[in-house]
Number of protein chains: 2
Amino acid sequence: MAAAAPPPPPSPTPAVIYEDLLPTGYNVFSRIRLATIVDVPHIHKLIHQMAVFERLTHLFSATESSLSSTLFPENSPPPFTSFTVFLLEVSQTPFPLIDQNYPNFSPIHKTVNLDLPITDPQAETFRSCGNDVVVAGFVLFFPNYSSFLAKPGFYVEDIFVRECYRRKGFGKMLLSAVAAQAAKMGYGRVEWVVLDWNVNAIKFYEEMGAQIMQEWRVCRLTGDALQAFANINI
Amino acid sequence: MAAAAPPPPPSPTPAVIYEDLLPTGYNVFSRIRLATIVDVPHIHKLIHQMAVFERLTHLFSATESSLSSTLFPENSPPPFTSFTVFLLEVSQTPFPLIDQNYPNFSPIHKTVNLDLPITDPQAETFRSCGNDVVVAGFVLFFPNYSSFLAKPGFYVEDIFVRECYRRKGFGKMLLSAVAAQAAKMGYGRVEWVVLDWNVNAIKFYEEMGAQIMQEWRVCRLTGDALQAFANINI
């Protein structure tokens, strides 16, 4: 293999102007942007880490190829009209401005001020485009519908922040990015599920104003049972 | 107002051939087809009846106009890629064959054999196109996504059968039509919610092979809380 090329000189691209920088501590620059098909290897690793965290690796069968074809099919519909992924990236230096301005979305930039720097043992694995940009988490969501309101909403299927970036407000930032998108588009609701024993999460959601639908139970038909039931009209 | 025109002569359109007709009792002919924008007045009435049935009319704010613009927007995406409505229609005579063959869907026809005829006090209100065709129910569903499977599924938001048509298998027929569509498209799951005190429904769903996700709780962010949370990244 040829030796790696020397790193390119610093980009002259104009950088984001941060209004929330603090002069003390460690500023971590963060960005939430729409994922594209080139992000699939990172998305795949994040979903796998989520399965490990939830002790559900026996249910995990996604591959990079199956994620690509289902999340980013040919003739993909516009973002937000179908399955949509926001990636959370962090960097020790300001992000360059990128041209990802969809009709209703521009990347969200925020700095997080910490007392101690973050040590990321998997920084190389999750290296993203840019000098020292690392993928730290994601949220996967898609439209749902309320017939009583006659309005779409968003359903959040997954929200995940890698371990060394937790408890720093990034999860809230990702969820809020979805809520902001819903509000911008005039949508009526954002919904997701939580495990009933996860009292800390429930407390957090209630504090942010979410209702917990205590009487509802999700029903799931899958596998052989789905196939069998699919045939009863035939 | 002019006097009503005389009814048109019987249509020469070829009719569906039913293989499940029984020589005794009353055969009710039924059809499940994709709804279109001309069905919105019926869909609106059905959703309102559902709100009355669930004692949730205080949450009902859908209008024909808001349903039209959200369920059947201009440049509607193809059926099944977004919000989709199947209508259940019944008739005392065989349905004509209609040309509603999408790549993955043809109307489903079935006869239901009853000991007694059904008296429908709202037959005029729910009259559909065709000689004596009446709208009896609907199911509203849309794609969801499992990141562990890297596969879409369907989420059933509403399933409703008008009162005089209940307990005759029509609800099962509608749910099975969604399951059949999921199976045809290679989708991984069909999901919906049920109220935890509705033990008859839960028993029915479990018997058909559905899992009830006992530990999951749905969280909902809506109204002012949604707007407030949407602004925290700003």
Side-chain angles (χ1 to χ4, degrees), chain A residues 47 51 56 59-63 66-67 70 77 82-83 108 110 140 142 144-145 147-152 155 157-158 173 176-177 179-180 182-183 188-197 205 208-222 225-230 232-233, chain B residues 47 51 56 59-63 66-67 70 77 81 83 108 110 140 142 144-145 147-152 155 157-158 173 176-177 179-180 182-183 188-197 205 208-222 225-230 232-233:
Chain A
I47 296 172
L56 293 174
L59 300 179
F60 178 83
S61 61
T63 62
S66 61
L67 286 171
T70 52
S82 181
F83 317 131
I108 297 165
K110 210 172 172 183
L140 190 159
F142 48 79
N144 64 5
Y145 189 80
S147 45
F148 282 8
L149 302 178
K151 272 190 185 179
Y155 182 82
E157 176 67 25
D158 298 316
M173 242 166 87
S176 164
R189 295 172 177 169
V190 176
E191 295 179 318
W192 62 93
V193 294
V194 66
L195 287 163
D196 65 342
W197 47 259
Y205 295 146
M208 68 186 232
Q211 301 163 253
I212 315 294
M213 315 304 276
Q214 294 293 357
E215 293 188 326
W216 290 11
R217 295 295 174 273
V218 176
C219 305
R220 172 182 288 176
L221 190 60
T222 188
L226 172 62
Q227 299 298 325
F229 193 66
I232 69 160
N233 277 342
Chain B
I47 296 172
L56 293 174
L59 300 179
F60 178 83
S61 61
T63 62
S66 61
L67 286 171
T70 52
T81 64
F83 317 131
I108 297 165
K110 210 172 170 182
L140 189 158
F142 47 79
N144 64 5
Y145 190 79
S147 45
F148 283 8
L149 302 178
K151 272 189 186 179
Y155 182 82
E157 177 66 24
D158 298 316
M173 241 166 89
S176 165
R189 296 171 177 169
V190 175
E191 294 179 318
W192 62 94
V193 295
V194 65
L195 287 162
D196 66 343
W197 47 258
Y205 294 146
M208 69 185 232
Q211 302 163 251
I212 315 295
M213 316 304 277
Q214 294 292 358
E215 294 188 324
W216 290 12
R217 295 294 174 274
V218 176
C219 305
R220 173 182 289 177
L221 190 60
T222 189
L226 172 63
Q227 299 298 324
F229 193 66
I232 69 161
N233 279 342

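Side chains included, hydrogens not; waters and symmetry mates left out as well; all remaining heavy atoms used. Proteins come first, then strands; the chains are lettered A, B, ... in the order of their sequence lines, and each starts at number 1.
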Pick one of side chain, backbone, both or neither for Gln211(B), based on which atoms fall under 4.5 Å of a heavy atom in chain A.
-> both

Determine, stepwise, if the pair Leu221(B) / Met208(A) fulfils side-chain contact (heavy atoms from CB on, under 4.5 Å).
-> CA-CA 9 Å; Leu221(B) 190 60; Met208(A) 68 186 232; 3.9 Å; yes

Largest heavy-atom contact set with chain A, pairs under 4.5 Å, which of Arg217(B), Arg189(B), Glu215(B), Met213(B) | Arg217(B)

So, does Thr222(A) use its side chain to make a donor-acceptor pair with the main chain of Gly188(B) at under 3.5 Å?
-> yes

Validation row, ring centre Tyr145(A) to ring centre Phe142(B) under 6.0 Å = no

Evaluation steps, side-chain contact (heavy atoms from CB on, under 4.5 Å), between Asn144(A) and Tyr155(B) | CA-CA 8 Å; Asn144(A) 64 5; Tyr155(B) 182 82; 5.8 Å; no

Let me know if Phe60(B) has heavy atoms under 4.5 Å from chain A in its side chain, its backbone, both or neither.
-> both

Check whether Leu140(A) gets within reach of chain B through its side chain, its backbone, both or neither, counting any heavy atom under 4.5 Å.
-> side chain

Closest non-hydrogen atoms of Ala150(A) and Leu67(B), given as atom of the first, atom of the second and distance, are CB-CD2, 3.7 Å

Does the side-chain contact (heavy atoms from CB on, under 4.5 Å) test come out yes or no for Trp216(B) and Val194(A), once each step is laid out?
-> CA-CA 6 Å; Trp216(B) 290 12; Val194(A) 66; over 6 Å; no

Which heavy atom in Ser176(B) sits nearest to a heavy atom in Ala230(A), and how many Å separate them?
-> OG-O, 4.0 Å

For chain B, the option from Glu191(A), Arg220(A), Gln227(A) that forms the most heavy-atom pairs under 4.5 Å = Arg220(A)

Among the options Thr63(B), Asp196(B), Ile47(B), Thr81(B), pick out the one with the most heavy-atom pairs lying under 4.5 Å from chain A.
-> Asp196(B)

Counting heavy-atom pairs under 4.5 Å with chain A, the top scorer among Ala182(B), Ser147(B), Ala228(B), Pro152(B) is Ser147(B)

Of the listed residues (Val218(B), Val193(B), Val190(B)), which shares the most heavy-atom pairs with chain A below a 4.5 Å separation?
-> Val218(B)

Chain A: which of Ala183(B), Ala62(B), Ala225(B), Pro77(B) shares the most heavy-atom pairs with it under 4.5 Å?
-> Ala62(B)

Ranking Trp192(B), Tyr205(B), Trp197(B) by heavy-atom pairs under 4.5 Å to chain A gives rank one to Trp192(B)

